[in-house]
Amino acid sequence: MTQQFDALFVNKQEDDFSLTIQQLSLSDLPEGEVLIRVHYSGVNYKDSLATIPNGNIVGRYPIVPGIDLAGVVVSSRDSRFKEGDEVIATSYEIGVSHFGGYSEFARIPAEWVVPLPEGLTLKEAMVIGTAGFTAALSIMRLEENGLKQEDGNVLVTGATGGVGSFAVSILSKLGYSVEASTGKKSEHAYIKELGATKILSREDVYDGTLRPLGKQKWIGAVDPVGGETLASVLSQVKYGGSVAVSGLTGGTNLPSTVFPFILRGVSLLGIDSVNCPMDTRLKVWKRLATDFKLDHVEQLIQQEISLQELPDVLPTLLKGQARGRTIVKL
């Protein structure tokens with residue numbers, strides 16, 4: 001195969017930074033056992049960071065961003081995959097130090113590739129993407145730590161974002177009573193449609209004053225925000241409850257005390273989707289195709305765009321303008 005194909009190409013040399021749609025050939029792709037014809041990718045906060053000069057997320061330049069991709073195997077040097085197989089590849093080094101999903105073709109190490117589970121289409125897999133995967137992994141960890149529907153309400157912060165939208169939707173499908181927090185009044189109807197039983201403002205969760213302990217409100221929480229919001233959530237979780245944290249849009253510092261942990265037995269669960277072990281990754285994708293699968297998964301699509309539209313869309317995530325998921329059709 002010698003044909004050329006389009007890809008979003010990012011390069012940085014000293015003070016010179018470029019973001020362009022370029023034509024590449026297969027020889028330009030990095031090493032990997034599985035060559036994939038990419039059908040869909042997704043747009044994540046991390047992808048937006050990869051396309052700005054000071055994003056501090058790219059391990060090596062030049063890079064083709066896109067931490068998520070789904071497509072069909074063209075060729076494989078690994079016996080686990082064959083031509084025609086539908087597959088998913090997310091996280092690891094994809095899109096940050098290994099050419100990613102914003103390309104019509106991708107060559108990926110076999111140990112990073114997941115067979116598309118029965119029950120999902122390639123498009124649905126990318127609507128889910130890293131955001132939905134992270135939400136599902138958060139909920140699985142909360143359940144493993146004792147979360148039960150009958151014990152109380154579950155909080156989801158950043159409820160209009162990718163992780164938050166999926167967390168609200170999956171928890172609601174499973175029968176939990178979900179309180180969803182957002183700073184966007186215009187999106188209350190959207191969050192209700194996802195299944196939230198109560199909508200909270202950001203100030204309802206964190207009013208600007210951090211207390212060692214507050215009123216016990218939630219048995220568990222999915223938090224993609226971090227920072228002071230997370231510290232406030234920890235102080236208000238019920239005895240024995242857990243908080244699954246996966247993000248830092250609210251900051252990297254955690255100005256908390258030990259009191260929620262030693263006086264209420266609260267657990268703080270760190271959620272990492274990047275280097276999640278493959279056995280766990282397969283379990284999460286299986287649940288996303290079965291009991292976690294949403295009837296309204298395509299309602300979570302904010303927009304479906306082309307590769308050529310990406311440079312204009314990526315900055316919107318950095319401005320906090322995203323709602324739900326943006327997917328890229330290659």
Side-chain angles (χ1 to χ4, degrees), residues 43-46 48-49 130-132 134-135 138-139 142 147 152-172 176-238 241-257 259-260 264 266-271 299-300 302 315-326:
V43 179
N44 300 281
Y45 189 79
K46 200 171 183 179
S48 296
L49 291 175
T130 289
T134 302
S138 299
I139 293 165
L142 288 169
L147 185 71
N153 296 344
V154 181
L155 172 70
V156 177
T157 62
T160 60
V163 175
S165 295
F166 265 95
V168 171
S169 300
I170 295 171
L171 286 164
S172 175
Y176 288 94
S177 178
V178 183
E179 297 188 13
S181 169
T182 180
K184 302 174 183 176
K185 292 182 179 179
S186 61
E187 302 295 353
H188 285 196
Y190 167 72
I191 298 172
K192 282 284 189 180
E193 289 176 8
L194 299 181
T197 53
K198 185 177 181 180
I199 298 177
L200 306 177
S201 68
R202 289 174 182 161
E203 292 72 28
D204 291 330
V205 176
Y206 171 53
D207 63 6
T209 300
L210 289 173
R211 302 168 181 83
L213 290 173
K215 183 179 179 181
Q216 299 183 56
K217 296 180 180 178
W218 309 290
I219 191 59
V222 175
D223 177 51
V225 176
E228 293 176 332
T229 296
L230 173 58
S232 184
V233 170
L234 288 167
S235 73
Q236 299 174 81
V237 170
K238 291 183 178 181
S242 306
V243 180
V245 59
S246 61
L248 45 72
T249 57
T252 57
N253 292 329
L254 180 58
S256 183
T257 71
F259 292 128
R264 290 183 179 168
V266 170
S267 297
L268 179 58
L269 309 175
I271 304 300
Q299 289 182 20
L300 294 171
Q302 180 184 17
T316 62
L317 273 75
L318 301 177
K319 298 174 184 176
Q321 296 172 356
R323 183 190 88 170
R325 292 284 287 158
T326 294

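A quick note: this is a predicted structure, and the numbers were derived from the prediction, not measured.
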Chemist: To check you understand the geometry: which heavy-atom pair defines the closest contact between Ser246 and Val163, and what is its length?
Modeler: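 Taking every non-hydrogen atom into account, OG-CG1, 4.0 Å.
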Chemist: In chain order, what residues pass the side-chain contact (heavy atoms from CB on, under 4.5 Å) check against Lys46, with sequence neighbours excluded?
Modeler: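 Expected list: Ile57, Ile67, Val96, Val274.
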Chemist: Can you tell me how far apart OG (Ser177) and CG (Leu155) are? Round to the nearest 0.5 Å.
Modeler: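 Between atom OG of Ser177 and atom CG of Leu155 there are 11.0 Å.
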Chemist: Check side chain to side chain donor-acceptor pair (under 3.5 Å) between Ser235 and all other residues, then give those that pass, not counting sequence neighbours.
Modeler: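 Side chain to side chain donor-acceptor pair (under 3.5 Å) list for Ser235, sorted by chain: empty.
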Chemist: Taking side chain to side chain contact (heavy atoms under 4.5 Å, CB included) as the criterion, tell me which of Leu230, Leu269, Val222 meets it with Val243.
Modeler: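 Output: one option passes, namely Leu230.
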Chemist: Taking all non-hydrogen atoms of both residues, which atom of Ala159 and which atom of Leu194 are closest, and how far apart?
Modeler: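 Shortest heavy-atom separation between Ala159 and Leu194 comes out as O-CD1, 4.5 Å.
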Chemist: For Val168 and Ala196, which heavy atoms make the closest approach, and how far apart are they?
Modeler: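 Shortest heavy-atom contact: CG1-N, 3.8 Å.
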Chemist: First locate atom CZ of Phe166, then atom CG of Leu171, and finally report the distance between them rounded to the nearest 0.5 Å.
Modeler: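 Phe166 atom CZ to Leu171 atom CG measures 12.5 Å (nearest 0.5 Å).
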Chemist: Looking at every heavy atom in both Val237 and Ser242, which two are closest together, and how far apart are they?
Modeler: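 That would be CG1-N, 4.0 Å.
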Chemist: For the pair Thr182 and His188, evaluate side-chain contact (heavy atoms from CB on, under 4.5 Å) and give the outcome as yes or no after the intermediate values.
Modeler: CA-CA 8 Å; Thr182 180; His188 285 196; 4.0 Å; yes
Chemist: How long is the straight-line distance from CG of Leu317 back to CG of Leu49, given to the nearest 0.5 Å?
Modeler: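 If we round to the nearest 0.5 Å, Leu49:CG and Leu317:CG are 9.0 Å apart.
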Chemist: Measuring from atom CD1 of Ile170 to atom CD1 of Ile139, what distance do you get when rounded to the nearest 0.5 angstrom?
Modeler: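 Rounded to the nearest 0.5 Å, the CD1-CD1 separation comes to 4.5 Å.
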Chemist: What salt bridge (Lys or Arg N to Asp or Glu O under 4.0 Å) pairs are there with at least one residue in residues 201-211, not counting sequence neighbours?
Modeler: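 Checked against salt bridge (Lys or Arg N to Asp or Glu O under 4.0 Å) - neighbours excluded - the pairs reaching residues 201-211 are Asp207-Arg211.
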Chemist: Is the backbone of Gln302 close enough, under 3.5 Å, to the side chain of Arg325 for a donor and an acceptor to pair up by distance?
Modeler: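 Between the backbone of Gln302 and the side chain of Arg325 there is no qualifying donor-acceptor contact (under 3.5 Å).
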Chemist: Can you confirm whether more than 12 heavy atoms, excluding those of Lys192, are under 6.0 Å from its NZ atom?
Modeler: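 Enclosed.
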Chemist: What are the two closest non-hydrogen atoms of Tyr45 and Leu318, and how far apart are they?
Modeler: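 Taking every non-hydrogen atom into account, CE1-CD2, 3.9 Å.
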Chemist: Among residues at least two apart in sequence or on other chains, which ones pass side chain to side chain donor-acceptor pair (under 3.5 Å) with Ser181?
Modeler: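 Ser181: no side chain to side chain donor-acceptor pair (under 3.5 Å) contacts found.
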Chemist: What's the shortest heavy-atom distance between Leu254 and Leu268, and which atoms?
Modeler: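 Scanning both residues, the minimum pair turns out to be CD2-CD2, 4.0 Å.
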Chemist: Return the set of residues passing side chain to side chain donor-acceptor pair (under 3.5 Å) with Ser232 (not counting sequence neighbours), or none when no residue passes.
Modeler: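 Side chain to side chain donor-acceptor pair (under 3.5 Å) list for Ser232, sorted by chain: Gln236.
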Chemist: Is Val154 close to Ile219 at the side-chain level, that is, under 4.5 Å between some pair of heavy atoms?
Modeler: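 A side-chain contact exists here, since the closest heavy-atom pair is under 4.5 Å.
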Chemist: Do Tyr176 and Asn153 come within less than 4.5 Å of each other through their side chains, counting heavy atoms only?
Modeler: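 Side chain of Tyr176 against side chain of Asn153, heavy atoms only: no contact under 4.5 Å found.
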Chemist: Which residue pairs satisfy the side chain to side chain donor-acceptor pair (under 3.5 Å) criterion with at least one member in residues 219-231, sequence neighbours excluded?
Modeler: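 For residues 219-231, and leaving out neighbouring residues, the side chain to side chain donor-acceptor pair (under 3.5 Å) pairs sorted by first residue read Thr157-Asp223, Tyr206-Glu228.
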